[in-house]
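FYI, side chains are in, hydrogens and waters are out, and symmetry mates aren't considered; it's all heavy atoms of this structure.
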Amino acid sequence: QVQLVESGGGLVQPGGSLRLSCAASGSIRSIATMAWFRQAPGKERAFVANIRWSDGYTYYADSVKGRFSISRDNAKNTVSLQMNALNPEDAAVYYCKGRATTASDYYGTDYWGKGTLVTVSS
């Protein structure tokens with residue numbers, strides 16, 4: 001199995017920055033992609049950004065383009081999300097999602113972390 005653990009959430013003032021990290025561990029054979037989603041109170045979980053593990057290709061939701069940056073550390077199986085110019089609409093629980101294969105799962109499965117809370121308030 002694969003475990004994803006997020007870290008880095010917290011309280012930040014509007015206009016501030018925060019960096020989230022997600023570490024993947026377990027019986028990983030390979031990672032295909034890793035992504036960040038977020039869910040604000042009363043709203044559905046929404047896509048934020050993803051990164052292709054093989055070449056680092058990235059894709060962002062329109063709402064975060066130019067403010068957020070996703071990156072990876074292949075050696076540590078870690079993905080990070082640098083969030084700048086945060087506003088109250090960015091407040092949410094941020095979840096890490098990874099698609100990985102294991103020795104017994106050739107085609108891959110999506111795994112989710114438990115989330116980390118980001119609060120944007122003055």
Side-chain angles (χ1 to χ4, degrees):
Q1 289 297 322
V2 177
Q3 296 81 40
L4 301 180
V5 179
E6 302 97 335
S7 61
L11 172 64
V12 63
Q13 292 185 344
S17 298
L18 209 57
R19 185 176 182 87
L20 307 181
S21 293
C22 172
S25 63
S27 304
I28 299 170
R29 188 167 69 90
S30 65
I31 295 175
T33 62
M34 292 190 77
W36 289 94
F37 287 72
R38 65 187 182 186
Q39 187 166 19
K43 295 187 177 181
E44 294 186 353
R45 192 171 298 187
F47 169 78
V48 175
N50 73 352
I51 187 165
R52 191 160 57 198
W53 218 245
S54 60
D55 60 7
Y57 175 82
T58 59
Y59 185 77
Y60 297 90
D62 288 342
S63 59
V64 306
K65 278 181 183 176
R67 300 188 298 122
F68 290 13
S69 178
I70 188 171
S71 61
R72 77 199 192 293
D73 184 331
N74 295 57
K76 297 181 179 180
N77 285 343
T78 299
V79 65
S80 297
L81 185 69
Q82 177 66 41
M83 304 185 295
N84 299 325
L86 286 161
N87 58 62
E89 289 71 37
D90 295 315
V93 177
Y94 282 71
Y95 296 92
C96 175
K97 174 186 170 184
R99 183 161 187 88
T101 66
T102 64
S104 59
D105 177 14
Y106 180 82
Y107 295 103
T109 299
D110 288 334
Y111 298 89
W112 289 88
K114 294 184 178 181
T116 185
L117 178 64
V118 172
T119 303
V120 184
S121 175
S122 55

How about [X] and [Y]: do any of their side-chain heavy atoms sit closer than 4.5 Å?
{"X": "W53", "Y": "N77", "result": "yes"}
{"X": "L20", "Y": "V118", "result": "yes"}
{"X": "R45", "Y": "W112", "result": "yes"}
{"X": "V120", "Y": "P14", "result": "yes"}
{"X": "Q39", "Y": "Y95", "result": "yes"}

Which pair of heavy atoms, one from [X] and one from [Y], lies closest together, and at what distance?
{"X": "A35", "Y": "N50", "answer": "CB-CB, 3.4 Å"}
{"X": "V48", "Y": "F68", "answer": "CG1-CD2, 3.8 Å"}
{"X": "L4", "Y": "G98", "answer": "CD1-N, 3.4 Å"}
{"X": "S63", "Y": "R38", "answer": "OG-NH2, 3.5 Å"}
{"X": "Q82", "Y": "S17", "answer": "NE2-CB, 3.9 Å"}
{"X": "I31", "Y": "A24", "answer": "CD1-CB, 4.3 Å"}

Worksheet entry | Value rounded to 0.5 Å, distance of CG in N84 from OG in S69 |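 If we round to the nearest 0.5 Å, N84:CG and S69:OG are 8.5 Å apart.
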
Response to the item:
Rounding to 0.5 Å, atoms OG1 (T116) and CG (L81) come to a distance of 11.0 Å

Item to complete: Would you check if the side chain of Y60 reaches a backbone N or O of I70 as a donor-acceptor pair within less than 3.5 Å?
Response: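 The answer is yes, because a donor-acceptor pair under 3.5 Å joins these two groups.
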
Name all residues meeting the side chain to side chain contact (heavy atoms under 4.5 Å, CB included) criterion together with [X]; count only those two or more places apart in sequence or in a different chain, and write none if there are none.
{"X": "S30", "answer": "T101"}
{"X": "S121", "answer": "L11, T119"}
{"X": "Q13", "answer": "none"}
{"X": "A40", "answer": "K43, A92"}

Would you mind listing every salt bridge (Lys or Arg N to Asp or Glu O under 4.0 Å) that reaches into [range], with sequence neighbours excluded?
{"range": "residues 12-27", "value": "none"}
{"range": "residues 109-122", "value": "K97-D110, R99-D110"}
{"range": "residues 66-84", "value": "R67-D90"}
{"range": "residues 25-34", "value": "none"}

Discussion item. Which residues pass the ring-ring contact (aromatic ring centres under 6.0 Å, His included) test with F47, not counting sequence neighbours?
Written reply: F37, Y59

Worksheet item: Which pairs, with at least one residue in residues 6-114 and sequence neighbours excluded, count as a disulfide bond (SG atoms under 2.5 Å apart)?
Response: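 Checked against disulfide bond (SG atoms under 2.5 Å apart) - neighbours excluded - the pairs reaching residues 6-114 are C22-C96.
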
Discussion item. Give me each pair satisfying disulfide bond (SG atoms under 2.5 Å apart) with a member in residues 65-95, each pair once, sequence neighbours excluded.
Written reply: none

Discussion item. Would you say that more than 12 heavy atoms from the other residues, nucleotides or ligands in this model lie under 6.0 Å from the CD of Q1, or not?
Written reply: no

Discussion item. Running the 4.5 Å side-chain criterion over Ile, Leu, Val, Met, Phe, Trp and Tyr, what cluster does Y106 land in, apart from itself?
Written reply: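 Members alongside Y106: Y107.
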
Discussion item. Hydrophobic clusters here meaning ILVMFWY residues chained together by side-chain heavy-atom distances under 4.5 Å, can you tell me if Y94 and V12 are in one?
Written reply: yes

Worksheet item: Under a 4.5 Å side-chain heavy-atom rule over Ile, Leu, Val, Met, Phe, Trp and Tyr, are W36 and V93 clustered together?
Response: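 Per the 4.5 Å side-chain linkage, W36 and V93 are not co-clustered.
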
